[in-house]
Student: 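Sending over a structure as structure tokens; questions will come in a sec.
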Amino acid sequence: MGYPDQRFDVNLSILFTELPLLERPAAAAAAGFTAVELWWPWIETPTPPRAELDALGKALDDAGTRLVGLNFYAGRLPGPDRGALSVPGAESDRFRANIEVAADFAASVGCRALNALYGNRVDGVDPAAQDELALENLVAAARAADRIGAVLLIETLNAPESPRYPLVSAPAGIAVVDRVNAATGLGNAKFLLDLYHLSMNGEDLSEVIATYAARTGHVQIADNPGRGAPGTGSLPLERLLDELTKAGYDGWVGLEYKPGDRPSAEAFEWLPATARAARREPAGRPSAGQRSPDGL
């Protein structure tokens with residue numbers, strides 16, 4: 001057990017951001033990784049030109065990297081926004097316009113996990129009305145994800161850094177997962193278990209893992225405090241990932257941490273180079289439509 005037994009991917013929206021978007025897959029590959037994930041890269045638009053989508057797909061393919069996680073449009077991220085789907089008006093409309101675009105792009109590159117950030121509470125809007133809008137949009141997203149054989153991920157954040165975001169505990173995230181699955185009957189909504197965010201909320205991480213590992217569709221990690229690489233804080237990340245494995249989770253673990261005041265390529269010394277390339281498909285997951293040279 002330990003880090004070498006995990007299946008890691010690099011989040012290219014927080015690591016390698018010193019490089020242009022289209023250069024990041026190759027940089028991740030040069031560091032030894034074969035799988036990556038992304039927040040929605042076009043923060044200004046939910047419907048980028050086809051040429052830009054194709055260029056990103058080509059960059060992933062040329063680098064031999066597989067995209068294993070993609071956010072739907074989430075507003076200004078990084079920035080003040082925390083999603084769009086529960087925000088009435090233009091932002092909700094943008095999310096809806098993005099659903100099929102994101103799903104089609106994910107299908108074209110073999111990505112089978114789509115993350116839908118819930119969105120902040122809005123002054124003067126009834127939270128119940130936001131929750132109703134959120135469910136409507138999440139149902140549409142779950143159906144689009146199901147069309148391409150993907151899971152829909154529901155993520156909890158942390159209250160200190162996202163005080164207006166309503167999903168700041170594992171039970172809150174799971175409750176939304178349950179509502180979406182009950183509304184669609186598809187069962188493809190899953191929990192995104194982010195150990196950094198849950199630790200910032202003061203949750204018992206071992207208890208969360210034991211309780212919700214079977215409902216988890218993706219995992220992300222960063223150390224705490226500081227949201228840096230494993231070993232820069234005090235979280236026992238290696239032990240916690242072992243607990244996830246023992247609880248039956250065999251999916252991807254996204255490296256969603258800040259590199260600090262150094263190039264991103266130097267932020268992986270905690271992980272042996274031989275453990276960076278993902279070697280096999282998670283059990284029970286659909287095969288990718290596109291496969292990189294190493295068989296992912």
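Position 1 is the first residue of the sequence, and the numbers go up from there. Because the structure is predicted, anything quoted here is derived from the model rather than measured.
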Student: Check Ala159 against Asn201 and note the closest heavy-atom contact, atom names and distance.
Tutor: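 Distance-wise, the nearest heavy atoms are N-OD1, 2.9 Å.
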
Student: State plainly whether the residues Arg66 and Asp61 are in salt-bridge range, i.e. N to O under 4.0 Å.
Tutor: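 Asp61 and Arg66: not salt-bridged.
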
Student: Does any pair with a residue in residues 100-146 pass ring pair (Phe, Tyr, Trp, His ring centres under 6.0 Å), and if so which ones, sequence neighbours excluded?
Tutor: none

Student: Considering the options Thr156, Val219, Val176, which one meets the side-chain contact (heavy atoms from CB on, under 4.5 Å) requirement together with Phe191?
Tutor: Thr156

Student: For the residue pair Gly69 and Cys111, what are the closest heavy atoms and their distance?
Tutor: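 Scanning both residues, the minimum pair turns out to be N-SG, 3.6 Å.
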
Student: Within this structure, what is the CG-CG distance for the pair Asp146 and Leu152, rounded to the nearest 0.5 Å?
Tutor: 10.5 Å

Student: Determine whether the aromatic ring centres of residues Phe95 and Phe72 are separated by less than 6.0 angstrom.
Tutor: yes

Student: What closest approach, in Å, do Ala189 and Asn181 show between heavy atoms, and which atom pair accounts for it?
Tutor: N-OD1, 3.0 Å

Student: Any side-chain to backbone donor/acceptor pair from Ser86 onto Ala134? Under 3.5 Å, distance only.
Tutor: no

Student: With hydrophobic residues grouped by side-chain heavy-atom distances under 4.5 Å, do Tyr196 and Leu237 end up in a single group?
Tutor: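 No, Tyr196 does not connect to Leu237 through the hydrophobic network.
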
Student: Could you check whether Glu44 pairs with Arg76 (Lys NZ or Arg NE/NH1/NH2 to Asp/Glu carboxylate O, under 4.0 Å)?
Tutor: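 Looking at Arg76 together with Glu44, the answer is no, because their closest N to O distance does not fall below 4.0 Å.
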
Student: Applying the 4.5 Å side-chain criterion to the ILVMFWY set and letting contacts propagate, would Leu70 and Trp42 be lumped into a single cluster?
Tutor: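 Yes, same cluster.
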
Student: When rounded to the nearest 0.5 angstrom, what distance separates OG1 in Thr245 from CZ in Arg7?
Tutor: 9.0 Å

Student: Between Arg262 and Glu269, is the closest basic N to carboxylate O distance under 4.0 Å?
Tutor: yes

Student: Does a sphere of radius 6.0 Å around CD in Glu23 hold more than 12 heavy atoms from other residues, nucleotides or ligands, not counting ones at 6.0 Å or beyond?
Tutor: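 Yes, CD of Glu23 has more than 12 neighbouring heavy atoms, counting only those of other groups under 6.0 Å.
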
Student: Taking Asp242 first and then Lys246, would you say they form a salt bridge - that is, a charged N and a carboxylate O separated by under 4.0 Å?
Tutor: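 No, this pair does not count.
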
Student: Would you please say whether a donor-acceptor pair under 3.5 Å links the side chains of Glu203 and Ser169?
Tutor: no

Student: Any idea which heavy atoms bring Pro41 and Leu56 closest together, and the distance?
Tutor: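 Scanning both residues, the minimum pair turns out to be CG-CD2, 4.1 Å.
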
Student: Are Arg94 and Glu91 within salt-bridge range, i.e. N to O under 4.0 Å?
Tutor: yes

Student: Which residues, ordered by chain and number, are linked to Val122 in its hydrophobic cluster, where ILVMFWY side chains connect at heavy-atom gaps below 4.5 Å, directly or through other members?
Tutor: Val87, Val125

Student: Report the C-alpha separation of Phe33 and Asp9 in whole Å, then their side-chain angles, then the decisive distance to 0.1 Å, and conclude whether the side chain to side chain contact (heavy atoms under 4.5 Å, CB included) test is met.
Tutor: CA-CA 7 Å; Phe33 294 93; Asp9 71 85; over 6 Å; no

Student: Using modelled atom types only, decide if a donor and an acceptor are shared between the side chain of Trp40 and the backbone of Leu77 within a distance under 3.5 Å.
Tutor: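 No; judged by distance alone, with no hydrogens or angles, the pair does not exist.
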
Student: Would you kindly confirm whether Ile43 and Ile14 end up in one hydrophobic cluster when ILVMFWY residues are joined by side chain heavy atoms under 4.5 Å apart?
Tutor: no

Student: Rounded to the nearest 0.5 Å, what separates atom CD1 in Ile148 from atom CZ in Arg112?
Tutor: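 That separation rounds to 6.0 Å.
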
Student: Under a 4.5 Å cut-off applied to non-hydrogen side-chain atoms, are Leu255 and Phe268 in contact?
Tutor: yes

Student: Between Trp252 and Phe8, does the ring centre distance come in under 6.0 Å?
Tutor: no

Student: Test Leu193 against every option in Leu205, Leu240, Val208, Ile174 by the side-chain contact (heavy atoms from CB on, under 4.5 Å) rule and name the one that passes.
Tutor: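 With Leu193 as partner, side-chain contact (heavy atoms from CB on, under 4.5 Å) holds for just one option, Val208.
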
Student: Do side-chain atoms of Asn98 reach the backbone of Tyr73 as a donor and acceptor pair under 3.5 angstrom?
Tutor: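 Yes; at least one donor-acceptor contact below 3.5 Å.
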
Student: Quick one: CG on Leu235 to CG on Leu198, what's the gap to the nearest 0.5 Å?
Tutor: 10.0 Å

Student: Let me check something: do Leu135 and Leu186 share a hydrophobic cluster, defined by ILVMFWY side-chain heavy atoms less than 4.5 Å apart, either directly or through other members?
Tutor: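 No, Leu135 and Leu186 fall in different hydrophobic clusters.
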
Student: Taking only residues two or more places apart in sequence, or in another chain, which ones meet Arg276 in a side chain to side chain donor-acceptor pair (under 3.5 Å)?
Tutor: none

Student: List the steps and the verdict of salt bridge (Lys or Arg N to Asp or Glu O under 4.0 Å) for Arg164 and Asp81.
Tutor: CA-CA 10 Å; Arg164 300 180 69 85; Asp81 298 333; over 6 Å; no

Student: May I ask you to check whether His218 and Glu37 show a side-chain donor-acceptor distance below 3.5 Å?
Tutor: yes

Student: Side chains of Leu15 and Val10: closer than 4.5 Å at any heavy-atom pair?
Tutor: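 Yes, their side chains come closer than 4.5 Å.
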
Student: In Å, rounded to the nearest 0.5 Å, how long is the span from OG of Ser162 to CD of Glu155?
Tutor: 9.0 Å

Student: Should Tyr212 and Leu157 be counted in the same cluster of Ile, Leu, Val, Met, Phe, Trp and Tyr side chains packed under 4.5 Å apart?
Tutor: yes

Student: Which pair of heavy atoms, one from Ala27 and one from Leu19, lies closest together, and at what distance?
Tutor: CB-CD1, 3.5 Å

Student: Have Glu238 and Gln6 got a donor and an acceptor in their side chains that come within less than 3.5 Å?
Tutor: no

Student: Would the distance check show the side chain of Thr65 and the main-chain N or O of Leu60 forming a donor-acceptor pair, the cut-off being under 3.5 Å?
Tutor: yes

Student: For Glu136, what residues pass the side chain to side chain contact (heavy atoms under 4.5 Å, CB included) criterion, not counting sequence neighbours?
Tutor: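 For Glu136 the side chain to side chain contact (heavy atoms under 4.5 Å, CB included) partners, ignoring immediate neighbours, are Arg96.
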
Student: Given side chain to side chain contact (heavy atoms under 4.5 Å, CB included), test Lys190 with Arg215 step by step and report yes or no.
Tutor: CA-CA 6 Å; Lys190 302 288 184 180; Arg215 322 264 304 272; 5.9 Å; no

Student: Do Leu192 and Ile154 make a side-chain contact, defined as non-hydrogen atoms from C-beta onward lying under 4.5 Å apart?
Tutor: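 No - every pair of side-chain heavy atoms lies 4.5 Å or more apart.
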
Student: Under 4.5 Å between any side-chain heavy atoms of Asp104 and Arg147, yes or no?
Tutor: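 With C-beta onward as the side chain, the pair touches.
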
Student: Let me confirm one number: the CG-CD distance from Asn11 to Glu256, rounded to the nearest 0.5 Å.
Tutor: 4.5 Å

Student: Identify the heavy atoms of Pro25 and Leu21 that sit nearest to each other, and give their distance.
Tutor: CD-O, 3.3 Å

Student: Quick one: which residue pairs count as a ring pair (Phe, Tyr, Trp, His ring centres under 6.0 Å) with a foot in residues 135-182, not counting sequence neighbours?
Tutor: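 Those involving residues 135-182 do not exist here.
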
Student: Does any donor atom in the side chain of Ser92 or Asn137 lie under 3.5 Å from an acceptor atom in the other side chain?
Tutor: yes

Student: Taking it one step at a time, do Asn115 and Asn71 satisfy side chain to side chain donor-acceptor pair (under 3.5 Å)?
Tutor: CA-CA 4 Å; Asn115 184 28; Asn71 282 17; 3.1 Å; yes

Student: Looking at residues at least two apart in the chain, or sitting in another chain, which of them share a side chain to side chain donor-acceptor pair (under 3.5 Å) with Asn224?
Tutor: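 Partners of Asn224 by the side chain to side chain donor-acceptor pair (under 3.5 Å) criterion, ordered by chain and then number, come out as Ser199.
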
Student: Assess whether side chain to side chain contact (heavy atoms under 4.5 Å, CB included) is satisfied between Val151 and Leu114, documenting all intermediate values.
Tutor: CA-CA 6 Å; Val151 297; Leu114 290 160; over 6 Å; no

Student: Find out whether Pro225 and Ser234 are in side-chain contact, i.e. whether some heavy atom of one side chain is under 4.5 Å from a heavy atom of the other.
Tutor: yes

Student: Is any side-chain heavy atom of Pro230 less than 4.5 Å from a side-chain heavy atom of Tyr3?
Tutor: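 Result yes, sub-4.5 Å side-chain heavy-atom pair found.
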
Student: Charged N to carboxylate O under 4.0 angstrom, Asp223 versus Lys258?
Tutor: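 No, Asp223 and Lys258 are not salt-bridged.
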
Student: Is there a donor-acceptor pair closer than 3.5 Å between any side-chain N or O of Glu18 and the backbone N or O of Ser264?
Tutor: yes

